[in-house]
Undergrad: 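Dropping the structure in here first, questions after.
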Amino acid sequence: MPKLAYSFYQSTDVNNLAVQLLGKLLFTRIDGELTGGVIVETEAYKGTEDKASHAYGGRFTNRTQVMYEKGGLSYVYLCYGIHHLFNVVTAPKGTPHAVLIRGIEPVQGIDIMLKRRNMAILKPNITAGPGALSKAMGIDKRLNAEDLLGDEIWIEDNGIVFPVDQIVSSARVGVDYAEDHALLPWRYYIRGNKFVSKPNK
DNA sequence: GTGCGGATGAACT
DNA sequence: GTTCATCCGCACT
């Protein structure tokens, strides 16, 4: 399957990109171990004007600088001191939009994912949730600011297009601090998919 | 240099 | 529903 092209990531409509990423295949090859899954849940973070975004108000730090780079890079950061969260940087250089990947359905290297997650059998919580999927895919800070057209972490277009009525939008998770932006319906997921993270109402 | 708290998940009661 | 693991980014002194 072809990797998503550089041009795919340059759109400034981050909500549309968050929807477009549903159904795409996220892969990593870490130490030669290939794992991959279908993206089933995303959230849009709209740069400087989004109070839930790390780049809100134009905040520019060592952590957030990659968000300002050209679309098509990874943004991985540590949350709660434990979980690595994976985002896709989008929009042209200077516009710090990002899409958080919150859930994938495993299709490749499931045995490797089970081992990384210390699980015996496949259950949805192996990759349902941004911290969980990062652990299963072997994503950590070493994969921050990686080119998504490279050979460590990338996204492929397998032609899957979910019907519009299969896609649900709702409030983003864990952004209560974002005041009047906390309830924006910028979370997108596949209705009924088992690998969508917990709050799926 | 210090202190607060977070784009979570798992194990509890 | 509640607790807590466990780190460092970030704002402020």
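We name chains A, B, ... by the order of the sequence lines, and we start the count at 1 in each one.
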Undergrad: In whole Å, I'd like the distance from the CG atom of A/D176 to the P atom of B/dA7.
TA: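 Rounded to whole Å, this separation is 10 Å.
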
Undergrad: Atom CG of A/N118 and atom P of B/dG9: how far apart are they, to the nearest Å?
TA: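 These atoms are roughly 17 Å apart.
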
Undergrad: Using atom types as modelled and distance alone, determine if a side-chain donor or acceptor of A/T28 lies under 3.5 Å from a backbone N or O of A/M137.
TA: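 At least one qualifying donor-acceptor pair exists.
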
Undergrad: Looking at A/A128, is its backbone amide N or carbonyl O close enough to the side chain of A/K198 to form a donor-acceptor pair, meaning the two atoms are under 3.5 Å apart?
TA: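 Not at all, since once roles are kept as given, no pair shorter than 3.5 Å links the two residues.
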
Undergrad: I'd like to know if the side chain of A/T64 reaches the main chain of A/T61, judged simply by a donor and an acceptor atom lying under 3.5 Å from each other, with no hydrogens or angles considered.
TA: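 A pair under 3.5 Å: yes.
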
Undergrad: Hey, are the side chains of A/M67 and A/S53 touching, using non-hydrogen atoms and a 4.5 Å cut-off?
TA: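 Of all side-chain heavy-atom pairs linking A/S53 with A/M67, at least one is under 4.5 Å.
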
Undergrad: Taking the cut-offs as 6.0 angstrom to the six-membered ring centre and 45 degrees off its axis, would you call A/R191 and A/F162 a cation-pi pair?
TA: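 Checked: cation-pi criterion not met.
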
Undergrad: What I'd like to find out is whether the side chain of A/I190 reaches to under 4.5 Å of the side chain of A/F195, using heavy atoms alone.
TA: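 No; the side chains remain at least 4.5 Å from each other.
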
Undergrad: Whole angstrom is fine here: how far is it from CG in A/L183 over to C1' in B/dA7?
TA: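 Rounding to the nearest Å, CG of A/L183 and C1' of B/dA7 are 15 Å apart.
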
Undergrad: Provide, to the nearest angstrom, the distance between the NE2 atom belonging to A/H54 and the P atom belonging to B/dG5.
TA: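 Going from A/H54 (NE2) to B/dG5 (P), I get 16 Å.
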
Undergrad: Where do A/F8 and A/D157 land on the side chain to side chain contact (heavy atoms under 4.5 Å, CB included) test, with the steps shown first?
TA: CA-CA 11 Å; A/F8 175 90; A/D157 185 357; over 6 Å; no

Undergrad: Can you tell me, in whole Å, how much space there is between the C1' of B/dG5 and that of C/dT3?
TA: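 About 16 Å, rounded to a whole number of Å.
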
Undergrad: Between A/S74 and A/A145 (side chain of the first, backbone of the second, donor and acceptor by atom type, cut-off under 3.5 Å), is there such a pair?
TA: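 Flag set: sc A/S74 to bb A/A145 pair under 3.5 Å.
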
Undergrad: Yes or no on side chain to side chain contact (heavy atoms under 4.5 Å, CB included) for A/R172 and A/Y45, after CA distance, side-chain angles and deciding distance?
TA: CA-CA 9 Å; A/R172 293 174 294 182; A/Y45 286 85; 3.4 Å; yes

Undergrad: B/dG9 C1' sits how many Å from A/E41 CD, rounded?
TA: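 Answer to the nearest Å: 14 Å.
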
Undergrad: Given atom NE2 of A/H84 and atom P of B/dA7, what is their separation to the nearest angstrom?
TA: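 In whole Å, B/dA7 P lies 15 Å from A/H84 NE2.
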
Undergrad: Would you give a per-nucleotide map of nucleotides 4-9 of chain C, 5' to 3', where B means the base has a protein non-hydrogen atom under 4.0 Å away, S means only the sugar-phosphate does, and - means neither?
TA: -BBBSS

Undergrad: Below the 4.0 Å mark, does C/dA11 have OP1 or OP2 next to a side-chain nitrogen or oxygen of A/R59?
TA: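 Indeed, a polar side-chain atom of A/R59 lies that close.
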
Undergrad: Quick one: the dot-bracket string of DNA chain C, using Watson-Crick and G-U wobble pairs with both distances under 3.5 Å, [ ] for crossing pairs and | for bases paired to another strand.
TA: |||||.||||||.

Undergrad: Roughly, in whole Å, what's the span from CG in A/N87 to P in B/dA7?
TA: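 Computing the A/N87:CG to B/dA7:P distance gives 11 Å.
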
Undergrad: Return the minimal non-hydrogen interatomic distance between A/L133 and A/T127, and the atom names on each side.
TA: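 Scanning both residues completely, I find the closest heavy atoms to be CB-O, 3.6 Å.
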
Undergrad: Does one hydrophobic cluster hold both A/Y68 and A/V14, with members joined at side-chain heavy-atom distances below 4.5 Å?
TA: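 No, A/Y68 does not connect to A/V14 through the hydrophobic network.
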
Undergrad: Do A/Y56 and A/H181 have a side chain donor and acceptor closer than 3.5 Å?
TA: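 Short answer, no.
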
Undergrad: Pick out the pairs of N or O atoms, protein on one side and nucleotides 11-13 of chain B on the other, that lie under 3.5 Å.
TA:
none

Undergrad: Write down the distance between CZ (A/F86) and C1' (B/dG9), rounded to a whole number of angstrom.
TA: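 From A/F86 CZ to B/dG9 C1': 20 Å.
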
Undergrad: What's A/A132 touching, base or sugar-phosphate or nothing? Going by heavy atoms closer than 4.0 Å.
TA: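 Result for A/A132 = sugar-phosphate.
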
Undergrad: Let me spell it out: for each of A/R117 and A/V175, pick the nucleotide of DNA chain B with the closest heavy atom. Which residue's pick is nearer the 5' end?
TA: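 Nearest nucleotide further toward 5': that of A/V175.
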
